[in-house]
Amino acid sequence: MNITLAKTAGFCFGVNRAVSMVEQLAQEGKRVCTLGPIIHNEELVRELSEKGVRVINVPEEAQKGDTLVIRSHGVPAEIFRRSEQTGAAVVDATCPFVSKIHAIVRDAAEKGHVILIAGDSEHSEVKGICGNAENAEVFIFSNEEELEKIMKNHPEILEKEVTAVSQTTFNTEIWRKCQKNLKKGYTNAFIFDTICNATAMRQQEAEKLSKVSDLMIVVGGRHSSNTAKLKDVCSANCLHTYLVSTAEELNPAWYEGKKNVGVVAGASTPAHIIKEVIKTMSENLQSVEQVEDAVQKSFEEMTDEEAFEASLSALTGDQKVIGTVLAVSENEIQVDIGRGLAGYITKEEYSADPNADILKEVSVGDTMNLIIMRTNDQEGTVMLSKRRFDAIAGWDNVVAAKDSGEILTGVVKDIIKGGVTVFAYGIRIFIPASQATLTKSEPIEDLKGKEVRFRIIEIGRGRRAIGSIRSVLREEKKAAAAQLWENIAVGERFTGKVKSLTSYGAFVDIGGVDGMVHISELSWQRIKNPSEVVLVGDEIEVYVKAIDTEKKKISLGFKKPEENPWVIFEKNFAVDETVKVTVVSMTTYGAFARIIPGIDGLIHISQIANKHVAKPQDELTVGQEVEAKIIAVDYEKKRVSLSIRALLPEEEAAPAEEAVEEAPAEETAE
């Protein structure tokens with residue numbers, strides 16, 4: 001017995017993609033449920049249930065914490081909205097070919113077109129298509145006769161624009177005939193060939209194989225539309241055509257005495273079921289192994305990622321296309337490239353940035369420049385890469401930027417050994433630590449996540465580019481300095497950054513130029529070191545006190561006039577007023593007491609008590625709080641005289657034994 005297995009037997013791209021999604025989610029430990037069977041194959045659904053995947057009938061059966069998978073047939077828009085409202089994580093496994101039909105009918109419905117759908121009205125795929133043509137007038141037909149009936153009973157359609165699509169698994173020969181009738185009946189019809197390429201090729205191969213076979217075995221689910229159509233195609237040419245869902249359903253009497261046996265399988269049929277059917281039918285182990293290899297190879301060709309990896313240098317301009325986004329999921333983007341092929345971009349091939357979030361960055365309707373990585377004509381699919389297109393175009397831009405000196409902008413993604421990395425035009429640029437900041441003292445760690453401006457300073461081998469932030473910062477500082485010197489004026493105020501400290505003051509960057517705040521200008525009080533008031537890195541408000549354009553020096557002020565202690569004192573205190581003061585130092589002729597910060601008054605030795613005092617320390621101690629009376633103020637010499645004695649009762653007071661001696665003008669409290 002000669003067994004011939006159709007080359008296109010087994011999972012189509014859309015089914016394989018959907019099943020792989022579910023299996024991966026289950027493997028990751030997710031609580032997975034599918035809205036209806038993921039595909040029309042009871043055996044596979046049973047196997048998935050053993051892995052914890054459950055089937056639900058309506059979205060509301062999903063629970064918070066579930067991962068709800070939309071099956072490959074797709075669902076109406078309203079069902080999708082309800083799914084998103086359940087609180088479950090929704091994963092869309094709709095076949096890209098079906099998603100394309102959804103996009104077509106949604107657009108047509110928005111334009112007010114009448115929608116004609118060739119397909120089985122009870123099939124879940126057709127229901128999903130109808131549900132995406134919201135508010136549109138929709139008619140479904142399964143053959144030429146039903147189409148003619150619609151055209152006859154609804155003449156009003158003649159005056160409207162019509163969009164016609166077909167179920168992806170519709171019979172290609174019937175669709176061809178229906179298209180002719182549509183073109184004759186409606187001059188304003190938009191007709192789309194939406195039968196999946198894999199379906200068409202399966203039917204063509206089944207037709208050829210059935211014409212030369214004594215027996216045809218069709219393997220697939222009994223509820224599968226494409227499997228049922230394969231049986232119809234084979235039955236038209238081969239009297240002995242049987243449909244089985246597993247090897248257990250085979251009847252040895254069918255193939256006894258048969259020389260040529262053909263085997264075809266629906267798009268929802270797993271490879272291991274096809275293998276088991278062939279094993280059961282054949283007694284020749286070698287033939288079985290050869291068939292097994294052929295089946296396995298067809299699946300490997302569909303999933304082999306090595307075929308997807310191609311050298312950038314091998315890509316040609318003919319492989320560049322523009323795609324329109326049809327759907328976006330966490331790990332993949334479906335696009336239409338206008339060639340009757342279902343295109344998709346994996347998360348890895350979307351961007352060179354590993355942190356890119358396609359759900360946030362990509363929307364349905366967006367257009368993208370893409371590179372074709374691999375085309376599967378049998379399945380009608382094409383694998384695409386945005387990352388590689390960006391890399392090709394981006395590298396040209398980076399090289400051009402090196403030649404022109406153009407300043408580029410990018411966000412620092414990582415701090416690595418020896419420097420930082422920035423992406424520009426989709427290309428990873430390395431910036432050494434020595435070129436990452438304006439000065440060596442600045443930490444490069446602060447750059448992570450910040451947008452920076454840089455230029456390309458070197459192009460290395462192997463698409464390696466080196467950039468410099470420092471060169472741009474230096475130019476910007478130089479330009480800012482030139483503008484500042486041209487416009488600066490005494491009294492002008494700036495918000496500056498403290499760059500360095502010395503024993504005599506602080507140097508402050510006021511926008512490309514450093515000015516100096518003398519230590520005496522940092523505080524109204526006496527300080528020994530600028531660090532008592534400011535630190536390197538502080539942002540402070542300063543004003544210009546003096547400018548020396550010849551020597552390129554700027555003197556800055558920091559003290560605010562309104563904070564001058566003498567201004568505060570004059571506003572709040574007066575002669576003959578009693579104040580509470582703190583003794584801060586002693587001299588031979590008296591004690592100095594702090595009235596407010598920056599103002600110390602002298603309590604002369606004769607004003608300490610109503611008796612003779614040999615030395616201030618006999619009556620007072622540093623840190624002691626006492627009440628005293630302001631008896632004199634000299635604003636010109638910045639002196640205040642205080643008296644404790646003046647507050648004593650008159651009857652206890654005794655004549656002063658010594659004249660009041662004025663403190664030396666140059667002496668102040670320490």
Side-chain angles (χ1 to χ4, degrees), residues 401 404-412 415 419-420 422 431-457 466-564:
S404 66
E406 176 190 355
I407 295 175
L408 306 179
T409 300
V411 175
V412 175
I415 309 297
V420 303
V422 183
I431 298 178
S434 61
Q435 296 294 325
T437 56
L438 185 61
T439 61
K440 293 181 180 179
S441 61
E442 298 174 74
I444 63 174
E445 289 75 18
D446 294 343
L447 292 175
K448 186 167 184 180
K450 290 185 178 179
E451 186 175 82
V452 295
R453 285 159 51 81
F454 61 96
R455 59 165 47 90
I456 306 299
I457 58 174
I466 298 175
S468 170
I469 298 172
R470 174 175 290 183
S471 66
V472 177
L473 291 176
R474 283 180 172 175
E475 283 185 5
E476 292 175 344
K477 183 175 181 179
K478 186 177 179 180
Q483 185 175 10
L484 187 143
W485 278 110
E486 187 176 336
N487 300 296
I488 196 167
V490 173
E492 190 172 356
R493 292 186 172 274
F494 292 92
T495 297
K497 189 173 185 179
V498 179
K499 303 297 289 184
S500 62
L501 300 177
T502 67
S503 60
Y504 52 84
F507 285 92
V508 180
D509 182 356
I510 57 174
V513 176
D514 290 350
M516 193 191 78
V517 182
H518 193 271
I519 189 170
S520 63
E521 287 294 329
L522 284 171
S523 176
W524 288 104
Q525 301 178 51
R526 178 176 292 185
I527 60 172
K528 295 181 178 179
N529 193 289
S531 62
E532 296 177 37
V533 180
V534 296
L535 297 173
V536 172
D538 287 353
E539 287 193 352
I540 61 174
E541 297 289 331
V542 294
Y543 60 92
V544 179
K545 290 195 66 181
I547 304 169
D548 187 336
T549 53
E550 190 174 323
K551 294 182 179 180
K552 296 294 182 183
K553 291 184 178 180
I554 300 173
S555 296
L556 301 172
F558 176 67
K559 298 185 299 187
K560 295 180 175 64
E562 62 272 19
E563 295 176 355
N564 185 334

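Excluded from the calculations below are hydrogen atoms, water molecules and symmetry mates; all remaining heavy atoms, backbone and side chain alike, are included.
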### Query
Does the side chain of Leu556 reach to within under 4.5 Å of the side chain of Val544, using non-hydrogen atoms?
yes

### Query
Got a second to check how far Lys478's NZ is from Leu473's CG, nearest 0.5 Å?
15.0 Å

#### Entry: Distance, nearest 0.5 Å, that separates CG of Leu408 from CD1 of Ile469
11.5 Å

### Summary
What one should report as the nearest heavy-atom pair of Ile519 and Ser503 is CD1-O, 3.8 Å

### Query
Are side-chain heavy atoms of Arg470 and Thr437 found at a separation under 4.5 Å?
yes

### Task
Considering non-hydrogen atoms only, spot the tightest contact between Pro530 and Leu501 and give its length.
CB-CD2, 4.2 Å

### Task
Run the numbers on His518 and Lys545 for side-chain contact (heavy atoms from CB on, under 4.5 Å), then give the verdict.
CA-CA 11 Å; His518 193 271; Lys545 290 195 66 181; over 6 Å; no

### Task
For a side-chain contact (heavy atoms from CB on, under 4.5 Å) with Ile554, tell me which candidate from Val542, Asp548, Leu484 qualifies.
Leu484

### Side-chain touch Glu475/Arg455, heavy atoms, less than 4.5 angstrom
yes

### Summary
So CG of Asp446 and CD1 of Ile415: to nearest 0.5 Å the spacing works out to 8.5 Å

### Summary
Shortest non-hydrogen pair, Ile457 vs Ser468, comes out as CG2-CB, 3.7 Å

### Task
Could you tell me whether the side chain of Phe454 reaches within less than 4.5 Å of the side chain of Gln435, counting heavy atoms only?
no

### Query
Going through the distances and angles, do Ile456 and Ile466 end up as a side-chain contact (heavy atoms from CB on, under 4.5 Å)?
CA-CA 6 Å; Ile456 306 299; Ile466 298 175; over 6 Å; no

### Query
Can you name the nearest heavy-atom pair linking Glu541 to Phe558, along with the distance?
O-CD1, 3.3 Å

### Task
Starting at CZ of Arg474, measure out to OG1 of Thr439 and round the result to the nearest 0.5 Å.
9.5 Å

### Message
Within the 4.5 Å heavy-atom criterion, are Thr409 and Glu451 side-chain neighbours or not?
### Response
yes

### Query
Does a sphere of radius 6.0 Å around NZ in Lys499 hold more than 12 heavy atoms from other residues, nucleotides or ligands, not counting ones at 6.0 Å or beyond?
yes

#### Entry: Residue pair Val498 / Val534: nearest heavy atoms and the distance that separates them
CG2-CB, 4.3 Å

### Message
Quick check against the 3.5 Å criterion: does Asn529 have a side-chain atom that pairs as donor or acceptor with the backbone of Ser531?
### Response
yes

### Query
If you take all heavy atoms of Leu522 and Val533, which pair is closest and at what distance?
O-CG1, 3.8 Å

### Task
Answer yes or no: is there a side-chain heavy-atom contact under 4.5 Å between Val513 and Ile488?
no

